[in-house]
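Below is one structure, written out as structure tokens; comments come after it.
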Amino acid sequence: MALTPCPSTLHSANSALNLNQDDFLYHFGLSKTSVDLEKLFGDVKFVCCGGSSSRFEHYAKEFSKDSGLPVSENLSRSDRFVIYKTGKTTFLPAISYFPA
């Protein structure tokens, strides 16, 4: 099975979204105007998600140590979430809004 590369730009059928000057990603504390999302995440090939924030910080640091690639600081600008990046891999915890 061949993998098909994803386009770097997503297009929405909802034309109302094109009228927005900004798109604030609340849980990440990021917006299109506050950070260059394409520069920051445009090279990502893998996303690892699930578990707690501290667990994914640990995973990102261990992956960095094993691969020899630098790990980023927490890229999220919110206290609600963490995002770490090591090379072309992004680590983020899963969010659950439902009680266990």
Side-chain angles (χ1 to χ4, degrees):
M1 180 170 118
L3 295 177
T4 304
C6 294
S8 62
T9 304
L10 297 175
H11 300 281
S12 172
N14 184 346
S15 60
L17 293 176
N18 297 330
L19 301 175
N20 293 335
Q21 293 296 321
D22 198 11
D23 188 6
F24 188 72
L25 307 171
Y26 181 76
H27 285 85
F28 303 127
L30 302 172
S31 71
K32 291 190 318 187
T33 57
S34 71
V35 67
D36 185 346
L37 295 173
E38 181 69 27
K39 181 179 177 183
L40 192 58
F41 298 110
D43 65 337
V44 171
K45 298 247 183 223
F46 306 99
V47 177
C48 297
C49 62
S52 68
S53 297
S54 60
R55 184 179 307 144
F56 271 78
E57 178 182 12
H58 174 76
Y59 286 165
K61 288 178 178 178
E62 285 297 312
F63 184 77
S64 172
K65 187 169 70 174
D66 290 347
S67 67
L69 297 168
V71 65
S72 70
E73 61 192 28
N74 179 8
L75 299 174
S76 175
R77 297 189 177 146
S78 163
D79 62 349
R80 301 176 61 90
F81 213 75
V82 298
I83 304 171
Y84 293 96
K85 188 175 170 198
T86 304
K88 296 182 179 196
T89 304
T90 300
F91 297 85
L92 53 141
I95 302 174
S96 175
Y97 292 102
F98 304 101

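Index from 1, following the sequence. This one's a predicted model, so the numbers in the text were calculated from it and none came from an experiment.
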So does K61 pair up with D66, basic N to acidic O under 4.0 Å? no
Distance-only, no hydrogens or angles: does the K85 side chain make a donor-acceptor pair with backbone N or O of A60 under 3.5 Å? no
Is there side-chain contact between V44 and T89, with heavy atoms separated by less than 4.5 Å? no
With F91 as reference, evaluate Y84, F63, F46 under the ring-ring contact (aromatic ring centres under 6.0 Å, His included) test and give the passing residue. F63
Backbone of T33 reached by a side-chain donor or acceptor of D22 within 3.5 Å: yes
For L30 and L75, the nearest pair of non-hydrogen atoms, with its separation, is CD2-O, 3.8 Å
Do you know which two heavy atoms are closest between S53 and P93, and how far apart they sit? OG-CG, 3.7 Å
Are E57 and N74 packed together at the side-chain level, in the sense that at least one heavy-atom pair is separated by less than 4.5 angstrom? no
Excluding sequence neighbours, so at least two apart, what forms side chain to side chain contact (heavy atoms under 4.5 Å, CB included) with S64? V71, T86
When you look at V82 and L92, which way does the side-chain contact (heavy atoms from CB on, under 4.5 Å) test go after all the steps? CA-CA 6 Å; V82 298; L92 53 141; 6.0 Å; no
Using atom types as modelled and distance alone, determine if a side-chain donor or acceptor of S76 lies under 3.5 Å from a backbone N or O of F28. yes
